[in-house]
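By convention in this document, chain letters (A, B, ...) are assigned in the order of the sequence lines, proteins followed by strands, and residues within each chain are numbered from 1. Computed from a predicted model, the values in this text were never measured in an experiment.
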There are 2 protein chains.
Amino acid sequence: MVMGNRAPNKLEWRIHVRNGTSEILQPETGLVHRIWSWLKGLLGEFMLKIWNFLEKARNIAVAEPKKVIHCLKVGVTLTIVSLFYYMRPLYEGVGGNAMWAIMTVVVVFEYTVGATLYKCINRAIGTFLAGSLGVGVHWAASHSGDKLEPIILGISVFLLASAATFSRFIPSVKARFDYGVLIFILTFSLVSVSGYRVDKLIDVAHQRLSTIAIGASLCVLICMLFYPIWAGKELHNLIHRNLEKLADALDGCIAEYFTDCSAGDSWKKIGGYKCVLNSKAAEDSMAGFARWEPAHGRFNFRHPWKQYLKVGASLRSCAYCIETLDGCLNSEIKAPELLRRHLSDACITLSSSASFVLKELATTVKTMRKSSEIDFSIGEMQFAVLKLENALKSLPNHLVATPSSTSDGDAKAEPIRKTATPSSVMDILPLATLVSMLTETAARIKEIADEVNELAKLAAFKPPNTKKASQSQSSNQVDEPSNNEERTKGLG
Amino acid sequence: MVMGNRAPNKLEWRIHVRNGTSEILQPETGLVHRIWSWLKGLLGEFMLKIWNFLEKARNIAVAEPKKVIHCLKVGVTLTIVSLFYYMRPLYEGVGGNAMWAIMTVVVVFEYTVGATLYKCINRAIGTFLAGSLGVGVHWAASHSGDKLEPIILGISVFLLASAATFSRFIPSVKARFDYGVLIFILTFSLVSVSGYRVDKLIDVAHQRLSTIAIGASLCVLICMLFYPIWAGKELHNLIHRNLEKLADALDGCIAEYFTDCSAGDSWKKIGGYKCVLNSKAAEDSMAGFARWEPAHGRFNFRHPWKQYLKVGASLRSCAYCIETLDGCLNSEIKAPELLRRHLSDACITLSSSASFVLKELATTVKTMRKSSEIDFSIGEMQFAVLKLENALKSLPNHLVATPSSTSDGDAKAEPIRKTATPSSVMDILPLATLVSMLTETAARIKEIADEVNELAKLAAFKPPNTKKASQSQSSNQVDEPSNNEERTKGLG
């Protein structure tokens, strides 16, 4: 049976099939229509991709506006150099000297001042050395007869290119002169096989060097004068941000475990240590570029950038520990609630004093001013470690419920004793691990503090702000009158 | 008083000073002599530095001869290209087309085939796109009047250079097209500001492109035909070497703790995990280059390189755990000897079964053949975890010496019970931590195994060698008849 449709303004054909259901008869779509819809789908997908890409770009631009500024700087420099050479009457076409200036700007202009200087200086040294050597080889070859000439040239190119390429594998060369060696190979090959006579060659070299020098100095000027991005400062910021991230992660980790709050925001904070785990490559390259930078802001020419790498290494070592701690806390075996409650105060005290030390170190690095409180807070952290160990020591006497248990328990443990359920080592296991990991973390934080102190000494950080320090110390004494007493007892 | 000297063939003048001591009178050294000795010292130092440098280079060459082969390949390619262009009668001097071929070889020839292809393809795409766009802009500008021309050119260079530079900050572009974008900026600036008429420009572009193509294809040919170094294979090797390193480190760590042997060789083995900690950057770049490589050896064109990164990430996560374990084992608090001995068997069993799993996984990856024993050995590892937990559970009953202790102890614990010294939680702490960390390590090794299995599925590893497997299984049954029984009991 065939029937019309319910939709008022659209006709649709249905066939009732034998088993009682009905099928809609689709109008036969032509090839053109199908291709059109396929194309439309493709176009839609393409537009979506473009849109997502632009969205991503926008997010980067909003998050780090200095990247946008860098791009504008590149654009301006390139425009200046292009138009300068375009409008010069001396211009000789694409093959002319303008090319070298444009090429220099494109290749040499980097994100940080250090990287730009590194490339400029390497380019200059590489070009100069290879140029002189190339002219020499070219002269020797051209004076040794027509038959020997290509042989001498070929052998010299082969030997020098191989040796220079190999030198790029040696770490000390790679770290400082990788780009210079590349330019050396390029220039040497170009010069030594060039068909010019030597006197003309020197002329060409002079013109080319001056063009490159103009391009490079324009780059350096614009890079350094307009909103400069210093590799050293970036490294400095990375280190103190990482210190803060570790502090937040440690705090968040312990708080989450003991309070069972798992808000979205805290998760983000805890995850901060993951950036620290993989920061080695960035730190190494920034420290490498920072070496080339002149004195800027609060950093002298011989600022101890290598010490930043040591601080970074100790930070990572602490981050490994926090990563494992995080993994252990999220493992399946859970400690009994009573045991957890018994240790929670001591754990939270330790984690907060440890993260306070980290924050204090972050402030020290950030402000480049020695902290007057750092020794005190490290002492507090170590005291908190002892307190935590004591809390753990007082556990079995209550929980294993032996008749001969010595009664050195404190008031807090009282309600726990009443339960008197014998608990096995397996129950204590997660907490024992937690305590060990926290102790280990505290020890590694001490190492970070040592490295930061060494940095403060090498970089001659300003002396602590004594007035503020004495104020805060006196307020400490008012707030916690028993703290110092307790500490001496605990350490004694 | 003045006196002669004891040395037979050298005259020395001494003066006895009032307080009884004597001073040697040095002959007055001339300025020339001092400068000469200073220069000699300087020269000696310099020679020493050079010697050390050569020593380092020799060590690298001996350790990785393929690096030397790469350098020779670069030398040969460069020599061929140089001499080819040097001897062509068409040669037009340094500014001519030879330059582009030499430049292409120097810049494009990389250590791995993947990196070379990446650069070649990027260079081609970048040059082609920028060239077409540049010719278009140049044509539009030259038809819009003398006053508008520089403005249009300047704006287009500024906009495109800025946008392209910014795109290099977007991770997806950076990973795949970073070099292409650089070449795009370079070519576009060169072409759009060139003073040529468009018809001549196309001629120049054609010549240049063909020169670049010759250079690039020579690079690709020599790179791929003579002793090719594939980024994919390097990544593959890195992953299975890292698996082996972790296995050795875990084994060494536990063996050192329980047997107190600290030989120089074992230290080297244990330190292997440190390479794993920082391998992320190398893995990422190799996986990026491997994508560009054609099918080679046992790797297809669409080999799941991304899965290698996941395996690498799980390896690192396990390495963090081993790093912390290593730190905890070397901490100051030592467990009492008796407790240690009680757990030593179970710990060593677990560590050896865990490192066996890792070695089995390494073999799986290395041979690209699924292992028939992997499930069995993972089961064994998990059983060892249970056994270790049981060993820990049986501890307090003997050691805290309560009268109501249930006697589920095994024969091994008998001598310990006799001592009957009540031990606090603090004594158990290092061992509890060790057990936790080993358990956590085992859990992470399970994750590695899952990722490797996924890799085996995606990359269609060969099925296990059933004949050998059945043989080894039957030998297992002969050697350890009770093993399977125990296992089912333990897991049940």
>> Quick check on A:S172 against chain B: is it the side chain, the backbone, both or neither that has a heavy atom closer than 4.5 Å?
In response: side chain
>> Given heavy-atom pairs under 4.5 angstrom as the criterion, report whether the side chain, backbone, both or neither of A:A61 touches chain B.
In response: both
> In terms of heavy-atom pairs under 4.5 Å with chain A, which of B:V157, B:T77, B:I155 leads?
Replying inline: B:V157
> Could you walk me through whether A:E64 and B:F169 pass the side chain to side chain contact (heavy atoms under 4.5 Å, CB included) check?
Replying inline: CA-CA 10 Å; A:E64 288 177 276; B:F169 288 120; over 6 Å; no
> Once you round to the nearest 0.5 Å, how far does OG of A:S192 lie from CD1 of B:I102?
Replying inline: 7.5 Å
> Can you tell me how far the CD1 atom of A:I69 sits from the CZ atom of B:F166, to the nearest 0.5 Å?
Replying inline: 11.5 Å
>> How long is the straight-line distance from NZ of A:K280 back to NZ of B:K280, given to the nearest 0.5 Å?
In response: 14.5 Å
> Do you know which of A:V81, A:N59, A:V107, A:V76 has the most heavy-atom pairs under 4.5 Å to chain B?
Replying inline: A:V76
>> For B:T324 versus A:Y320, what's the shortest heavy-atom pair and its separation?
In response: OG1-O, 3.7 Å
> If you measure from CZ on A:R168 to SG on B:C71, what distance do you get to the nearest 0.5 Å?
Replying inline: 9.5 Å
>> Just verifying a value: how many Å separate A:L186 CG and B:M103 CE, rounded to the nearest 0.5 Å?
In response: 5.0 Å
> What pair of heavy atoms forms the shortest contact from A:S162 to B:G75, and how long is it?
Replying inline: OG-CA, 3.6 Å
> CG/A:N278 to CG/B:D284 distance, rounded to the nearest 0.5 angstrom?
Replying inline: 8.5 Å
> Which atoms form the tightest heavy-atom contact between B:V74 and A:T165, and what is the distance?
Replying inline: CG1-OG1, 3.6 Å
> With only heavy atoms counted, which part of A:V105 is less than 4.5 Å from chain B, the side chain, the backbone, both or neither?
Replying inline: neither
> Can you say whether A:K56 sits under 4.5 Å from chain B via the side chain, the backbone, both, or neither, judging by heavy atoms?
Replying inline: side chain
> Which atoms of A:A281 come close to chain B, meaning under 4.5 Å heavy atom to heavy atom: side chain ones, backbone ones, both, or neither?
Replying inline: side chain
>> At a 4.5 Å cut-off on heavy atoms, which part of A:F109 comes close to chain B: side chain, backbone, both, or neither?
In response: neither
